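Here's the structure, in structure tokens; my notes come after.
Source: prediction; values computed, not measured. A note on names: the letters A, B, ... follow the listed sequences, proteins ahead of strands, and every chain is numbered from 1.
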Amino acid sequence: MDDKHNPSPKRRREDDGENDDTPPRKRSASGSPSAASPSYRLAERPATRYHREDSGDYRERRSPTPIARPRSRSRSRSRSNSSRSRSHSPSRHHNGSPSQPPPPRKPSTLHYEPLLLLRGHTKGISCVKFSPDGNWIAAASADCTITLWSVPDGRLEHTLAGHLAGINALAWSPDSKILASASDDKSIRLWDISTGLAHPKAFIGHHNYVYSIAFSPKGNMLVSGSYDEAVFLWDVRAARIMRSLPAHSDPIGGVDFVRDGTLIVSCANDGLIRVWDTATGQCLRTLVHEDNAPVTSVRFSPNGKYILAWTLDSCIRLWNYIEGKGRCVKTYQGHLNEKYSLSGAFGTYGGEPPNQYAFVASGSEDGSIFLWDVSSKNVLQKLEGHKGTILSVDTHPTQHLIVSGGLDKTVRVWRCKEPSVVEEGVPNGTGEPEMNGNGLPPELPPYPFG
Amino acid sequence: MNLSLVDPFVLAQDCPEVITGRLREWTLWLIVESGSGHSTSIRFSHRGDLLASGRHDGIVVIFDIETNGVARKLRGHTRQIQSLSWSTNDRYLLSAGQDWKVVLWDLQDGSRVRTVRFEAGIFIAELHPKNNNLFVAALFEDQPVLVDISSETPVKYSFASAPLRTQTERDSATEKQAVQDAKVVTTFTAFTHSGDHIIAGTNKGWLNIVDTSTREITYSTRLTNHIIVYIRLTPSGRDVVINASDRVVRTLRLPDLSDPKLNFETLQLEVEHKFQDLVQKLSWNHVSFSPTGEYVTASTWMNHHIYVWERGQGSLVKILEGTKEELSAVEWHPFRPFIAAVGVDSGRIWLWSILQPQRWSALAPDFVEVEENHEYVEQEDEFDIQPLEEIHKRRLDQEDEEVDVLTVEPVKMATEVDGGDIGFRMPVLLDVEASDSEDEVVAVGAGQYRRRTDREWVNDDEVADTMGNGSATQNGTKRRRGG
């Protein structure tokens with residue numbers, strides 16, 4: 001981000017703090033849902049000070065100030081707890097015991113802030129994806145090109161051109177060396193990201209637009225779903241179709257591989273989500289919601305036990321596909337999704353694994369990004385900034401970063417300011433907000449207090 | 001992760017039933033017809049996702065079991081591959097050829113780590129299970145050797161083949177016996193599970209247990225008067241199957257050889273089962289164990305069948321058939337009911353597995369598969385009319401459980417690939433097939449192939465050239481540049 005003020009001529013990227021006139025940086029909208037904002041401001045009152053400072057220059061935040069260990073300050077802990085608890089449950093007011101620091105409570109809000117604004121496409125962005133090693137962002141657009149950006153600084157590395165029609169989906173190979181793209185020109189192409197060249201063998205076989213692709217965890221197979229209602233399983237090495245899954249009676253919306261590669265999930269406009277055995281090609285499960293709303297995108301949870309599905313009734317549903325005949329366990333609502341095929345991702349927040357929580361990130365047709373807590377279904381944050389439908393949202397594999405792209409032709413990168421709200425609340429009690437964890441260099445691991 | 005969804009009755013089956021496919025290199029057809037280059041020996045990797053196949057022309061081909069495609073080709077031998085051995089982490093492969101060479105391959109980049117030449121033909125070479133720089137080899141009419149390849153120049157330590165005699169036997173030893181002992185040649189060597197001992201079989205039917213560190217024979221027993229052709233241990237290392245030229249397949253149970261309390265003086269190895277075909281007097285080409293050691297398979301000489309015996313009762317449970325040719329090497333998948341066998345005539349690799357029937361209820365969740373007709377009794381509130389919003393709201397309120405989408409349950413089967421702790425993952429090469437100049441089969445659709453004609457070669461080049469970074473002619477062979 002150091003070079004953010006001296007952009008090279010070959011790219012058009014502007015710092016949103018300077019050139020973006022949308023109001024997301026105002027305190028009242030600095031990333032909290034409107035419904036929760038009063039309580040949020042109460043709890044985080046001192047923290048807003050550096051929010052404002054932050055928007056000026058990120059480099060200032062790299063001050064080498066030693067991080068105050070919050071655990072040792074029991075007094076501040078209890079104060080922060082009490083100030084926080086006012087927001088949701090007054091009964092917890094006296095819970096903060098000075099002698100025994102309680103385990104960090106589950107944060108109720110997140111604080112993602114705009115980090116980068118990447119411009120370069122002439123048409124809407126259909127898909128953004130972080131690479132598995134976290135070093136790259138790939139963005140696909142309806143203007144038939146893919147742009148590759150390096151992650152820490154947002155430098156444009158390659159523009160991949162070669163498709164003859166708009167690109168719908170991207171998939172990274174597990175080793176982050178190959179990028180696959182699915183296009184309206186009915187082909188799937190592989191790109192070598194070190195050279196930016198396309199592999200000479202395109203994957204040709206679909207009879208219509210290819211909507212969605214996913215790599216197997218080993219990178220030896222690729223699954224693709226198309227408007228021609230077919231799901232194909234490809235041998236990546238030979239670029240040939242290994243298997244055709246007799247999937248659906250309507251255009252396929254999304255496909256995904258489970259984390260060990262033994263299952264494939266596909267969804268379609270007929271409202272069905274089907275789970276397939278990769279090895280035999282047999283359907284093992286069909287999930288259907290009674291309204292039969294078209295399912296536009298589907299994704300396995302990080303541990304592979306659940307399936308997250310986007311439907312055109314403005315709902316995102318989390319399915320337990322193992323139990324019984326499959327059961328919808330959560331419905332995430334609040335966003336608008338009636339027309340476009342949106343896609344999103346799972347992300348994490350909180351501390352290290354015992355205190356780690358998951359959120360669901362998705363775009364919306366009203367131009368905001370929603371982050372829901374997976375279990376409580378509460379909106380943790382609503383990110384404003386895009387000026388149109390956000391088609392694709394992805395989360396960084398290790399850092400607390402979110403990338404989004406939409407019909408306003410921009411790609412935005414958002415960064416979470418704090419490892420968690422609880423930790424943020426603690427140093428506030430010290431009365432020295434400049435001296436605490438807010439001065440963390442952004443390169444530090446995301447959980448300094450974990 | 002699919003195990004929880006698969007029909008438990010299918011999972012309970014542990015023995016393959018029908019031929020489900022065969023592996024071919026698409027490049028192989030012509031070579032098969034001209035009589036060279038077909039597969040001669042195969043070996044599954046420990047994780048079971050790759051199958052190494054040694055060819056008649058000395059090329060080692062790594063197949064990806066998931067895609068049934070070629071993952072890598074290793075060129076270095078000039079004669080038929082005799083044996084193959086994977087390292088425990090599946091990164092290295094040891095191949096022994098009839099060109100009297102043993103090559104250790106690194107599958108990361110397909111390079112040759114070491115090449116060891118011998119002065120004699122090699123029956124078998126096997127890698128030490130824990131040390132990739134050590135292998136044992138049985139040589140034709142020579143003493144077996146333990147080879148240390150940690151340095152550039154390999155160090156060969158030969159050890160004895162003559163069986164260990166007890167003191168009384170040595171005292172009463174005649175000259176004739178000494179001459180006979182001198183003629184004993186080790187025909188097969190295999191490491192035990194821990195690698196502390198070598199199980200060696202000889203041409204006189206002796207089974208020797210050799211200490212790897214001292215290279216001394218610690219125990220000898222005579223199982224038969226005939227040549228021991230093949231020895232195979234289960235992954236646990238406690239069960240041994242031995243194929244001898246007397247047409248009997250023997251299984252033995254080994255004690256824990258690395259147990260310090262074990263006294264080799266008093267050790268008595270008993271043959272557990274003798275499998276043979278008394279009627280036809282079949283001779284066995286190759287034997288192997290199922291992953292748990294529960295089943296023993298053997299391919300038959302001058303016959304098209306694979307016999308499967310079960311070890312609990314020692315009975316023949318199945319005869320796998322379906323090929324029109326004799327089969328040589330037969331191998332079990334390391335954890336699935338899946339058998340691969342090499343056809344002697346065609347050099348093809350045939351696969352047997354279990355056919356899973358598609359369950360129709362999986363396709364239509366509203367339908368249930370019932371054994372017989374039921375009279376449907378409607379529920380009390382089934383046709384009650386309720387406002388939709390009420391239902392929706394109630395349903396949303398019921399979604400109050402805690403959901404854990406992050407915690408990964410420890411995988412029970414050590415063989416499943418886990419994103420975190422896999423040791424080695426072979427890179428996916430995009431130009432394996434294209435880099436082969438003999439590529440003469442074209443995929444024309446899902447599962448359909450046709451042979452490429454000469455004319456098409458030209459066409460393909462023209463097409464590729466017009467595409468810009470397509471193909472180029474290098475060294476007289478057509479080679480695709482990886483874009």
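A donor-acceptor pair under 3.5 Å is absent between the side-chain atoms of A:K330 and the main chain of B:V403, judged by distance alone. The main-chain N or O of B:L396 is found under 3.5 Å from a side-chain atom of A:K377 such that the two form a donor-acceptor pair.
Between A:L318 and B:V405, some side-chain heavy-atom pair lies under the 4.5 Å cut-off.
When all heavy atoms of B:A362 and A:C283 are compared, the closest pair comes out as CB-O, 3.3 Å. Summarising the geometry of B:V70 relative to A:R237, their closest heavy-atom pair is O-CD, 3.3 Å, with the distance given to 0.1 Å. For the pair A:K218 and B:D49, the tightest heavy-atom approach, listed with the atom from each and the gap, is NZ-CB, 3.3 Å. Contact between B:D404 and A:Y306 at its shortest, heavy atoms only, is O-CE1, 3.3 Å. Residue B:L363 comes nearest to A:R274 through the heavy atom pair O-NH1, 2.7 Å, listed as atom of the first residue, atom of the second, then distance. The minimum heavy-atom distance between B:G69 and A:R240, with the atom names listed, is CA-NH2, 4.0 Å.
Annotation: the span from A:D235 atom CG to B:D64 atom CG amounts to 7.0 Å, rounded to 0.5 Å.
Note: B:E401 leads B:E401, B:M426, B:E402, B:Q398 in heavy-atom pairs under 4.5 Å with chain A. With respect to chain B, the highest number of heavy-atom pairs below 4.5 Å among A:S375, A:S173, A:S301 belongs to A:S375. Highest contact tally toward chain B, considering only A:V329, A:D175, A:V374, is held by A:V329 [criterion: heavy-atom pairs under 4.5 Å]. Across A:P217, A:G281, A:A239, A:G326, the residue that shares the most heavy-atom pairs under 4.5 angstrom with chain B is A:P217.
Every residue two or more places apart in sequence or in another chain that forms a salt bridge (Lys or Arg N to Asp or Glu O under 4.0 Å) with B:D106 is listed here: B:R91. Legend: residues meeting salt bridge (Lys or Arg N to Asp or Glu O under 4.0 Å) with A:E290, ordered by chain and number and at least two apart, are B:R395.
For A:I178, the part sitting under 4.5 Å from any heavy atom of chain B is the side chain, from C-beta outward, and nothing else. With a 4.5 angstrom heavy-atom cutoff, A:T331 touches chain B via backbone and side-chain atoms both. For chain B, no part of A:L308 is nearby; none of its heavy atoms comes within less than 4.5 Å. Neither the backbone nor the side chain of A:D373 comes within contact range of chain B; no heavy atom of the residue lies under 4.5 Å from a heavy atom of that chain.
The local environment of NZ in B:K393 is sparse, with at most 12 non-hydrogen atoms from other residues, nucleotides or ligands closer than 6.0 Å.
A side chain to side chain donor-acceptor pair (under 3.5 Å) with B:E66 is found for exactly one of A:T278, A:T262, A:N220, namely A:N220.
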